[in-house]
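Below: one structure, written as structure tokens.
Proteins come first, then strands; the chains are lettered A, B, ... in the order of their sequence lines, and each starts at number 1.
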Amino acid sequence: MRRDFAMLRSLPLALWLALAVVTGTAAPTLAADDAGGALLTERCASCHNLTGPATTTVEGIRARKGPDLFYAGDKFRAEWLEGWLQKPARIRPAGAFYGDHIKATDKWDVVDESTLAAHPSLSAADARLSAAALMQRHAGRERLQGVKVEEVSLPMFMGDMLFDKFKGCIACHQSGRDYGGLSGPELYTAAERLRPEFMYSYMQNPQAWDPRIWMPNMHLAAEDLNKLVTYLQMIAGEEEQ
Amino acid sequence: MSTRAGQGRFAIAVLLLSLLWAPLAAPVHADDAVSPRAAELLYRTYCIQCHGLHGTGSGINVRDMAVQPRDHTDSEAMSGLNDERLFKAIREGGPAVTKSVLMPPWGGVLSDPEIHALVKYLRKLCACEEKRGPG
């Protein structure tokens, strides 16, 4: 009885606190989100899917002008995002759909650089706004819920073997500057760009994120997924030095 | 009043249009037959990265690959692989047919009907039939 009474007395305080949060602290961030959201719609929506869902058709994936961003908050490391938007450097050597940016030569097909445009770059203020708005997008959250990346110790040469020889990732991805395949994103910067849980989940089942992507499901066991995340973290450190 | 009617007409038009559009927009994933044109599009989306724009095994990825992709236009070599073998290689990857892991498994992104259609497309590329019977 007494406790109930005490609770009743503190109710107005709780209400007042809630109101303070909504009006005082929360209002400026809400306003910033709106500005960031508007910026994204205005300057990014022509190339990026900001709202989902992902395309489920081959035609759709071929027509895509940029990677999907509607789960950006589950994918990227916020620190990286804000910096990259100000000084964007190429991640996919052959662009968003590689098939649009290659040409045949006598020896083998090569990337047709003349067809690749530089990514728009943003001012520091706009980069901060849009990075914050992007990090609010969590359409893939439930996919990451069960993911628990475990630290493993892995000598570099074993990681190289796993990536190149046993799993064949090297066919589509670069594991160092100018070493590896060109139809997937470079991976020696992956750990700088991406959350470890995302890397794990994506490698486990790329089609769960992007039903028609041309990275196959390689049926990786948990042990290999942990090793590959560790390896990607190791090679990211290496290239920085 | 007139805007109401206009809105109504617009809504009906949208509905009719979307009905027309629906079969076109249906995913290729559906279990019905996959057209030759759709098979070619699959090849040009998933396979040319390694097997090359002309299917000769010289895609943008090959420079640093330890085992070179199969030349799908080589009728001699391709006629030695029967349809079942091609299907298995595509669906489950190189190791399923004692070949390199650099040929990945596509069963997670392509349906069985799509893979069957790809096998047919490969027969067009090599201009060859599977060799039947012993030898």
Salt-bridged, A:Asp68 to A:Arg64, with N to O below 4.0 Å? yes
Under a 4.5 Å cutoff for heavy-atom pairs, which residue among A:Cys172, A:Ser183, A:Ala104 has the most contacts with chain B?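 Top option by heavy-atom pairs under 4.5 Å: A:Ser183.
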When heavy-atom pairs shorter than 4.5 Å are enumerated against chain B, which of A:Gly184, A:Gly99, A:Gly180 gives the highest number?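 Answer, by heavy-atom pair count under 4.5 Å with chain B: A:Gly180.
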Do A:Met156 and A:Met234 touch side chain to side chain, with heavy atoms closer than 4.5 Å?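 A side-chain contact exists here, since the closest heavy-atom pair is under 4.5 Å.
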A:Leu81 vs A:Met135 side-chain heavy atoms within contact, under 4.5 Å: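 A side-chain contact under 4.5 Å exists here.
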So A:Phe198 and A:Tyr71, would you call those rings parallel, tilted or perpendicular, with 30° and 60° as cut-offs?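 If you compare the ring of A:Phe198 with that of A:Tyr71, the planes turn out parallel.
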Quick one: what part of [X] sits under 4.5 Å from any heavy atom of chain B, side chain, backbone, both or neither?
{"X": "A:Ile213", "value": "backbone"}
{"X": "A:Phe166", "value": "backbone"}
{"X": "A:His173", "value": "neither"}
{"X": "A:Asn205", "value": "neither"}
{"X": "A:Tyr98", "value": "side chain"}
{"X": "A:Asp100", "value": "neither"}

On the ring face of A:Trp209, is A:Arg143 found with NZ or CZ under 6.0 Å from the centre and within 45° of the axis? yes
Select, from B:Leu102, B:Thr45, B:Val101, the one with the greatest count of heavy-atom pairs under 4.5 Å involving chain A.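 Winner by heavy-atom pair count: B:Thr45.
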Check: B:Thr56/B:Asp71 side-chain N/O donor and acceptor closer than 3.5 Å: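 Looking only at side-chain atoms, B:Asp71 and B:Thr56 do not form any donor-acceptor pair under 3.5 Å.
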A:Gln204/A:Ser201 under side-chain hydrogen bond (donor to acceptor under 3.5 Å, both in side chains): CA gap, chis, key distance, verdict: CA-CA 5 Å; A:Gln204 186 173 39; A:Ser201 171; 5.2 Å; no
